[in-house]
There are 2 protein chains.
Amino acid sequence: MKLLTKTEEILLLAIWKLNDEAYGVKVREKVMDMTGKLFTYGNLYCTLDQLTGKGFVMKYKGEPTPERGGRAKTFYKLSEKGLTALQEAFEINQSVWDGVSLYSFTRN
Amino acid sequence: MKLLTKTEEILLLAIWKLNDEAYGVKVREKVMDMTGKLFTYGNLYCTLDQLTGKGFVMKYKGEPTPERGGRAKTFYKLSEKGLTALQEAFEINQSVWDGVSLYSFTRN
DNA sequence: CAATTTTTTTCCGATAAACAAAAAAACCCG
DNA sequence: CGGGTTTTTTTGTTTATCGGAAAAAAATTG
């Protein structure tokens, strides 16, 4: 085997969708939007670090903003490898769920 | 949080798709069809047991068949709870991947 | 019953998930 | 400058899942 985990897949996709707005707090919100579930920060940053370690994402420090408070943000973006992995995840998902729709579950 | 894992999701779906043909070996083949990846049996049965323990699937022994060799099969089927979980997984996937297509990845 | 086949079980180290709590780094204002 | 407040990130710990190699079981044949 060897497949992205659910969490990895969702975080990669969230970062990709956020484009150049992808830092911890925003990623967390995006994931909430996408799934209706809220990651704890521990869980979130831990997985972000794993993804970084595997070369799927790159991180870089942002400049402090002129807004009240808050330490400098750490931004994430997909590497080539990360984008390829995300694309493969997409294709596998398509193949896995092929032919299934909400109606499929109500055929008794 | 709390989401089905990738493996759980795929196995539930495979069992559902296999209907009344869902025993270990067939499930493994079905997953191979769906994902292009091959589970080891250790991994497979381990996850099937987890799913059973969580009440997502039920197992029952099949009768020995008239074919050469082979011990009796253990069949799996989704419980109500399992079907509901699968359905929820489907909906979350839809929401998560909403608006994404293969072309999305080539927009440079 | 010995040989063969198909299917399932066991076991274990490596990874990943989940969370709570603490720490850092920035800004504001006296 | 220094205390207070805010936003963001880090740390540490426990539990659950993954991934695979190897062994065991149960059935049929001759």
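Lettering of chains follows the sequences in order, A, B, ..., and the numbering in each one begins at 1.
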Does C:dA18 have OP1 or OP2 under 4.0 Å away from a side-chain N or O of B:K2? yes
Looking at A:T5, I'd like to know whether one of its side-chain N or O atoms comes within less than 4.0 Å of OP1 or OP2 on C:dA17. yes
To the nearest angstrom, the NZ-P distance between A:K73 and D:dT8 comes to 5 Å
Ignoring hydrogens and angles, tell me if any N or O in the side chain of A:T47 forms a donor-acceptor pair with the backbone of A:N43 under 3.5 Å. yes
B:K81 to B:F56, cation-pi by 6.0 Å centre distance and 45° axis angle: yes
Candidates C:dT7, C:dA17, D:dC18 - which lies nearest the side chain of B:T47: D:dC18
Taking atom C1' of C:dA18 as reference, at what distance in whole Å does atom CZ of A:R28 sit? 13 Å
Checking D:dA25, C:dA16, D:dT10 against the side chain of B:R71 (C-beta onward), the nearest is D:dA25
note: B:L44, atom CG; C:dT10, atom P; distance rounded to Å ~ 15 Å
Consider the side chain of A:Q50, meaning its heavy atoms from C-beta on, and name the nucleotide among D:dC18, D:dT10, C:dA16 that approaches it most closely. C:dA16
Could you give the CD-to-P distance, from A:E21 to D:dT8, as a whole number of Å? 11 Å
Measure up the A:W16 and B:F105 rings against each other and bin them: parallel (under 30°), tilted (30 to 60°), perpendicular (over 60°). tilted
Under 4.0 angstrom, heavy atoms only, what part of the nucleic acid is A:K6 near: base, sugar-phosphate, or nothing? nothing
If you pin A:T74 and B:T7 to their nearest nucleotides in DNA chain D, which one's is more 5'? A:T74
Contact class for B:Y41 vs. all strands (heavy atom < 4.0 Å): base, sugar-phosphate, or nothing? base
Using a strict cut-off of less than 4.0 Å between a Lys/Arg side-chain nitrogen and an Asp/Glu carboxylate oxygen, indicate whether B:E88 and B:K2 qualify as a salt bridge. no
Answer yes or no: does a side-chain N or O of A:K54 lie under 4.0 Å from OP1 or OP2 of C:dA16? yes
Using a cut-off of 6.0 Å, state whether more than 12 heavy atoms not belonging to B:K77 lie near its atom NZ. no
Base, sugar-phosphate, or nothing for A:K26, non-hydrogen atoms under 4.0 angstrom? nothing
In terms of ring plane angle, is the pair B:Y60 and B:F75 parallel, tilted or perpendicular, where the classes change at 30° and 60°? parallel
Which nucleotide sits closest to the side chain of A:Y23: D:dT17, C:dT7, D:dT8? D:dT8
Assuming nearest nucleotide by heavy-atom distance, tell me which of A:G62 and A:C46 is located more 5' along DNA chain C. A:C46
Grab the CG-P distance between B:L3 and C:dC19 for me, whole Å please. 11 Å
Rounded to the Å, how far apart are A:L48 CG and C:dA16 C1'? 14 Å
Would you indicate what A:G42 reaches in the nucleic acid, counting non-hydrogen atoms under 4.0 angstrom: base, sugar-phosphate, or nothing? base
Applying a 4.0 Å non-hydrogen cut-off, can you work out what B:T40 is touching in the nucleic acid: base, sugar-phosphate, or nothing? base
Given atom CD of A:E8 and atom C1' of D:dT17, what is their separation to the nearest angstrom? 13 Å
Report the distance from atom CZ of B:F39 to atom P of D:dG20, rounded to the nearest whole Å. 10 Å
